[in-house]
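Let me begin by presenting the structure, written as structure tokens, before commenting on it.
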Amino acid sequence: MGGTEVESFEREFAGYHGAQHALAVTNGTHALELALQAMGVGPGTEVIVPGFTFISSSQAAQRIGAVAVPVDVDPDTYCVDVAAAAAAITSRTRVIMPVHMAGLIADMDGLDKLAADSGVQLLQDAAHAHGAQWQGKRVGELGSVAVFSFQNGKLMTAGEGGAVLFPDEEMYEQAFLRHSCGRPRTDRRYHHQIAGTNMRMNEFSAAVLRAQMTRLDAQIEVRGQRWQAFSDLLAQIPGVRPQSGDPRADRNPHYMAMFRLPGWSEERRNLLVDRLVEAGIPAFAAFRAIYRTAAFWETGAPAESVDAVAERCPNVEAISQDCVWLHHRTLLASEQDLADTAAIVAELVATG
Ligand SMILES: *Cc1c(COP(=O)(O)O)cnc(C)c1O
């Protein structure tokens with residue numbers, strides 16, 4: 001008997017997001033690998049990913065033998081550009097992976113239409129999007145497979161952990177087998193049915209995550225109110241452009257408070273981040289374009305040069321150099337603290 005925390009967490013997490021099934025796993029990167037495999041991704045196939053994301057989005061596809069194809073993002077939401085995704089579809093494309101950047105849901109209407117027209121499936125990388133909504137619908141109600149992370153920095157955490165939401169029983173059962181060494185739930189005779197590995201979440205993590213679910217809504221509420229005020233203050237600073245939303249993304253849990261400094265070089269942005277950190281603000285440089293890392297080109301890269309990819313991803317190029325983000329705990333502080341933070345940003349931007 002292994003305990004009941006994982007099963008309870010899966011049921012509660014699926015219910016909270018309006019999904020039929022949730023599978024709790026070791027981490028978000030494994031969750032992406034497992035989901036992609038359940039969707040038929042492997043050698044000889046391609047997965048379209050935004051060029052601006054945490055590298056797990058592309059590494060998960062590459063790790064299971066597929067080619068990751070980076071495409072451009074929107075300059076304001078930083079989420080995948082639907083037209084760019086459409087242009088990258090080939091006969092080998094199995095999946096388009098929108099990333100809900102910082103909790104802001106990608107254009108799911110445009111992507112659903114693209115998926116329906118092209119026959120390519122969607123996999124939502126919702127590692128930033130616990131509790132997020134698109135037109136009143138939670139991630140699990142949007143009809144596609146979705147992946148979450150509970151890594152140390154995320155909005156819900158057990159140090160490490162991940163989950164996959166499935167709208168479909170068959171894919172869920174297949175993923176269950178794969179995440180548990182190919183072994184059915186009730187097996188006592190070592191009849192491993194399909195190839196797999198151990199990606200199971202442990203009972204301790206599930207217990208921690210169940211407790212965290214009880215405070216998620218209240219925290220989302222506070223961060224939402226604070227971001228509204230804070231982004232207004234940021235927008236008043238000359239040269240600063242806060243991440244801005246598609247109004248259809250009508251609930252944002254705000255994993256990061258992101259803003260751009262259009263026209264700034266990477267070096268100048270990095271110096272600003274250092275000065276913000278010195279001033280006591282938990283600031284970070286935004287993700288490097290995935291195709292500008294050595295890791296991306298080791299395996300499963302498209303047959304293109306870096307320059308060719310960069311040329312069709314102008315917004316990824318700009319955002320990855322000029323964007324700064326602040327840790328989500330910033331948005332749980334008092335309104336006065338946030339006004340002080342905005343004042344520091346204004347001063348350092350003006351002198352940076
Ligand atoms: C954190 C993250 C992941 C991976 O999650 P881990 O639990 O750290 O493996 C995947 N995608 C995005 C966008 C992330 O930010």
Side-chain angles (χ1 to χ4, degrees), residues 19 25 27-42 45-74 77-90 92-129 132 134 139-140 142-149 154 162-168 171 175 249 255 287 289-291 293 295-296 299-302 309 312-313 315-316:
V25 298
N27 60 59
T29 310
H30 285 165
L32 287 170
E33 287 182 28
L34 189 65
L36 287 169
Q37 237 184 347
M39 298 169 85
V41 171
T45 66
E46 294 174 359
V47 177
I48 293 172
V49 296
F52 180 74
T53 179
F54 184 66
I55 195 98
S56 290
S57 307
S58 53
Q59 272 188 348
Q62 294 175 324
R63 179 116 174 130
I64 59 171
V67 170
V69 179
V71 299
D72 208 11
V73 298
D74 181 272
T77 67
Y78 319 160
C79 294
V80 71
D81 181 280
V82 180
I89 292 176
T90 72
R92 294 175 297 279
T93 310
R94 286 290 169 287
V95 169
I96 300 168
M97 188 193 296
V99 177
H100 302 322
M101 185 54 59
L104 201 157
I105 299 224
D107 176 2
M108 290 305 288
D109 287 5
L111 288 163
D112 276 336
K113 180 164 187 321
L114 177 58
D117 291 349
S118 64
V120 173
Q121 309 164 86
L122 301 181
L123 170 58
Q124 305 175 62
D125 181 340
H128 303 170
W134 174 262
V139 165
L142 294 171
S144 39
V145 181
V147 161
F148 290 83
S149 165
K154 298 297 186 340
V164 191
L165 301 183
F166 293 97
D168 169 314
M171 242 193 275
Y255 170 57
F287 305 119
I290 55 173
Y291 53 82
T293 67
F296 182 80
T299 183
V309 178
R312 52 184 186 72
C313 297
N315 295 325
V316 173

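Scope of the values below: all heavy atoms of this structure, side chains included, with no hydrogens, waters or symmetry mates.
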What's the shortest heavy-atom distance between V25 and A31, and which atoms? CG2-CB, 3.6 Å
Apply side-chain contact (heavy atoms from CB on, under 4.5 Å) to A249 and list each qualifying residue two or more places apart in sequence or on a separate chain. L104, I105, W134
Looking at T45 and G40, what are the two nearest heavy atoms and their distance? CG2-O, 4.0 Å
Rounded to the nearest 0.5 Å, what separates atom CZ in R94 from atom CG in L36? 12.0 Å
Qualifying side chain to side chain donor-acceptor pair (under 3.5 Å) pairs, either residue in residues 60-72, two or more places apart: D72-N315
Would a distance-only check, ignoring hydrogens and angles, find a side-chain to backbone donor-acceptor pair under 3.5 Å from H128 to A102? yes
Close side-chain approach of V67 and P302, heavy atoms under 4.5 Å: yes
Not counting sequence neighbours, list each pair that qualifies as a salt bridge (Lys or Arg N to Asp or Glu O under 4.0 Å) and has a residue in residues 114-126. K113-D117
Are the side chain of S118 and the backbone of L114 linked by a donor-acceptor contact shorter than 3.5 Å? yes
Residues that S58 engages under side chain to side chain donor-acceptor pair (under 3.5 Å), provided they are two or more places apart: none
Would you name the heavy atoms of G51 and P70 that are closest together and state the gap between them? CA-CB, 4.0 Å
Between I290 and S57, is a side-chain contact (heavy atoms from CB on, under 4.5 Å) present by the stated rule, with each step listed? CA-CA 9 Å; I290 55 173; S57 307; over 6 Å; no
How far does OG of S56 sit from NE2 of H30, to the nearest 0.5 angstrom? 9.5 Å
Among V145, D168, L122, V47, find the one that has a side-chain contact (heavy atoms from CB on, under 4.5 Å) with M39. V145
Of V99, D81, V316, which meets side-chain contact (heavy atoms from CB on, under 4.5 Å) against P50? V99
Please collect all ring-ring contact (aromatic ring centres under 6.0 Å, His included) contacts where either partner lies in residues 98-124, sequence neighbours excluded, each pair once. none
Residues two or more places apart in sequence or in another chain: which of them pass side-chain contact (heavy atoms from CB on, under 4.5 Å) with A88? I48, V69, V71
Answer whether the closest heavy-atom distance between the side chains of V73 and M101 falls below 4.5 Å. no
Between K154 and A127, what is the shortest heavy-atom contact and its length? CD-O, 3.3 Å
I96/I89 under side-chain contact (heavy atoms from CB on, under 4.5 Å): CA gap, chis, key distance, verdict: CA-CA 9 Å; I96 300 168; I89 292 176; 4.2 Å; yes
Drop me the distance from M97's CE to S144's OG, to the nearest 0.5 angstrom. 12.0 Å
Salt bridge (Lys or Arg N to Asp or Glu O under 4.0 Å) pairs, two or more places apart, involving residues 46-62: E46-R92
Which heavy-atom pair separates G140 from L165 by the least distance, and what is that distance? CA-CD1, 3.9 Å
Partner set under side-chain contact (heavy atoms from CB on, under 4.5 Å) for A295, not counting sequence neighbours: Q59, T293
Identify the two heavy atoms, one from A146 and one from V139, that lie closest to each other, and give their separation to 0.1 Å. CB-CG1, 3.3 Å
F52 meets the ring pair (Phe, Tyr, Trp, His ring centres under 6.0 Å) criterion, sequence neighbours left out, with F287
Ring pair (Phe, Tyr, Trp, His ring centres under 6.0 Å) filter on F296, not counting sequence neighbours, yields none
With sequence neighbours excluded, residues passing salt bridge (charged side-chain N to carboxylate O under 4.0 Å, His left out) with D107: R248
For Y291, the side chain to side chain donor-acceptor pair (under 3.5 Å) test, sequence neighbours excluded, returns E317
